[in-house]
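First listed ligand is number 1; within each ligand, the first listed atom is number 1. The analysis underlying the following values was restricted to heavy atoms, covering all of them including side chains, and did not include hydrogens, waters or symmetry mates. Not measured: the values here are computed from a predicted model.
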Amino acid sequence: MVGAKRSNVIDLRSDTVTMPTEEMLEAIRGAELGDDVYREDPTVNRLEEMAAKKMGMEAALLVPSGTMANLVSLMSNTKRGDCVILEAESHIYWYEVGGISTIAGLIPWPIRGHMGALDPKDVEEAIRPKDIHFPETTLVCIENTHNRAGGTVVTPKQIEALCKVTRKYGLKLYMDGARIFNAAVALKVDVREFTRHVDNLMFSLSKGLCCPVGSVIVGDSDFIERARKIRKMLGGGMRKAGIIAAPGIIALEKMIDRLEEDHVNAKVLAKGVAGIEGLHVDLGRVQTNIVLVDVSGLGVNSNIFIAKLKERGLLVSYHSRNIVRMVTHYGITREDIERALTIIEDAVREIKARSGDYF
Ligand SMILES: *Cc1c(COP(=O)(O)O)cnc(C)c1O
């Protein structure tokens with residue numbers, strides 16, 4: 001059975017839980033296939049051409065996951081031992097098993113952003129000067145939308161300002177754009193506004209765009225050629241990958257504009273939660289499909305709150321000790337949001353009634 005409606009449970013843990021649409025399943029069934037390592041899969045070739053065009057770049061490469069997309073891109077943009085500037089709570093730094101160091105052999109140089117966006121002055125300051133003691137800084141990574149900051153958008157203007165710095169020092173600028181279409185939809189601008197000032201980027205097919213598998217790397221042809229070889233080295237050369245690419249084509253054609261619905265639902269959810277005593281939401285951060293809820297006002301930690309919601313059929317995820325994350329996505333309706341709010345109110349009521357029992 002397809003769709004997030006397999007049970008009564010409302011799953012707001014992530015937009016990765018989205019299921020492919022009927023149309024995607026049909027496209028998979030009918031996809032023309034070939035061996036993509038020989039570059040003979042027409043469906044993959046078509047998706048890569050579409051993705052490159054959409055992003056205003058020369059070429060694209062389908063990879064199995066966002067994590068591999070980032071790793072391949074890191075390796076294609078640098079040499080071992082280089083220093084990479086990235087945001088201190090970026091996905092690459094937090095959630096990718098340290099592949100940046102263990103596999104790519106790079107030195108991550110984390111700096112704090114503001115709502116997920118790096119300050120160009122901080123970046124400039126973090127670039128290691130040419131000195132016999134220092135590793136060479138060759139790459140700056142940004143994340144858009146920024147996951148841990150709450151799905152916040154790094155604006156085209158902010159990217160342009162960062163680009164001025166990277167160009168000045170001859171560095172590459174890479175964007176982990178797993179949710180870049182959420183950013184474009186939020187600002188109601190063409191996605192190329194976000195890609196114009198970066199050297200290369202990746203985006204996810206398997207999150208809000210509902211594909212079962214896959215991410216796409218885009219950049220200039222030389223970069224994508226290097227990436228293709230590194231993907232192969234990492235074991236990501238896929239044979240009849242057209243079955244992954246076929247739903248990707250549908251995603252690019254039909255699933256982008258509807259992200260707006262997820263954003264509206266996130267705002268409704270955020271406002272509702274913000275109105276519940278004991279919970280806090282920074283509404284300024286609710287720019288796309290992610291809502292971060294601070295539960296410290298209830299005197300319980302995130303894990304207890306998550307468990308109380310789970311008992312009632314609402315799944316949310318852990319962000320940090322006092323913050324839980326809720327993500328809206330395809331399959332989550334306005335009625336689900338209303339029900340989620342009722343569940344949250346109910347859980348809060350119980351926690352307050354039993355306050356003291358938890359410690
Ligand atoms: C989900 C995510 C990734 C990784 O994607 P996977 O397909 O889960 O490996 C990378 N970057 C960001 C910002 C993400 O949100």
Ligand 1 versus [X]: contacting region, heavy-atom distance under 4.0 Å:
{"X": "Met202", "result": "side chain"}
{"X": "Ala178", "result": "side chain"}
{"X": "Thr67", "result": "both"}

Step through the shown structure and confirm whether more than 12 heavy atoms of other residues, nucleotides or ligands are within 6.0 Å of [atom1] on [X].
{"X": "Glu125", "atom1": "CD", "answer": "no"}
{"X": "Tyr93", "atom1": "OH", "answer": "no"}
{"X": "Arg46", "atom1": "CZ", "answer": "no"}
{"X": "Glu32", "atom1": "CD", "answer": "no"}

Which residue holds the protein heavy atom closest to [atom], what is that atom called, and what is the gap in Å?
{"atom": "atom 5 (O) of ligand 1", "value": "Gly66 CA, 3.2 Å"}
{"atom": "atom 10 (C) of ligand 1", "value": "His91 ND1, 3.3 Å"}
{"atom": "atom 11 (N) of ligand 1", "value": "Asp176 OD2, 2.6 Å"}

query: So Ile92 and Asp176, side-chain contact (heavy atoms from CB on, under 4.5 Å) or not? Walk me through it.
result: CA-CA 8 Å; Ile92 293 175; Asp176 172 351; 4.3 Å; yes
Check ligand 1 against [X] and write out every atom of the ligand that is under 4.0 Å from a heavy-atom position of the residue.
{"X": "Asn70", "answer": "10 (C), 11 (N)"}
{"X": "Asn147", "answer": "15 (O)"}
{"X": "Glu143", "answer": "13 (C)"}
{"X": "Ser65", "answer": "7 (O), 9 (O)"}

Residue from Asn70, Thr78, Asn77, Thr166 passing side chain to side chain donor-acceptor pair (under 3.5 Å) with Tyr174: Asn70
field: Nitrogen or oxygen atoms of Ser215 and ligand 1 under 3.5 Å apart
entry: no
4.0 Å heavy-atom contact, His146 with ligand 1: no
query: Does Met68 reach ligand 1, in the sense of a heavy atom lying below 4.0 Å from it?
result: no
query: Checking side-chain contact (heavy atoms from CB on, under 4.5 Å) against Arg226, which of Ser221, Ser76, Ser73 comes through?
result: Ser76
field: Candidate list Ile217, Asp199, Leu201, test side-chain contact (heavy atoms from CB on, under 4.5 Å), partner Met57, passing option
entry: Leu201
message: Under a 3.5 Å threshold, yes or no: a donor from one side chain and an acceptor from the other, between Tyr95 and Arg148?
response: yes
- line: Judged by heavy atoms only, the candidate from Arg148, Lys207, Arg179 nearest atom 14 (C) of ligand 1 is Lys207
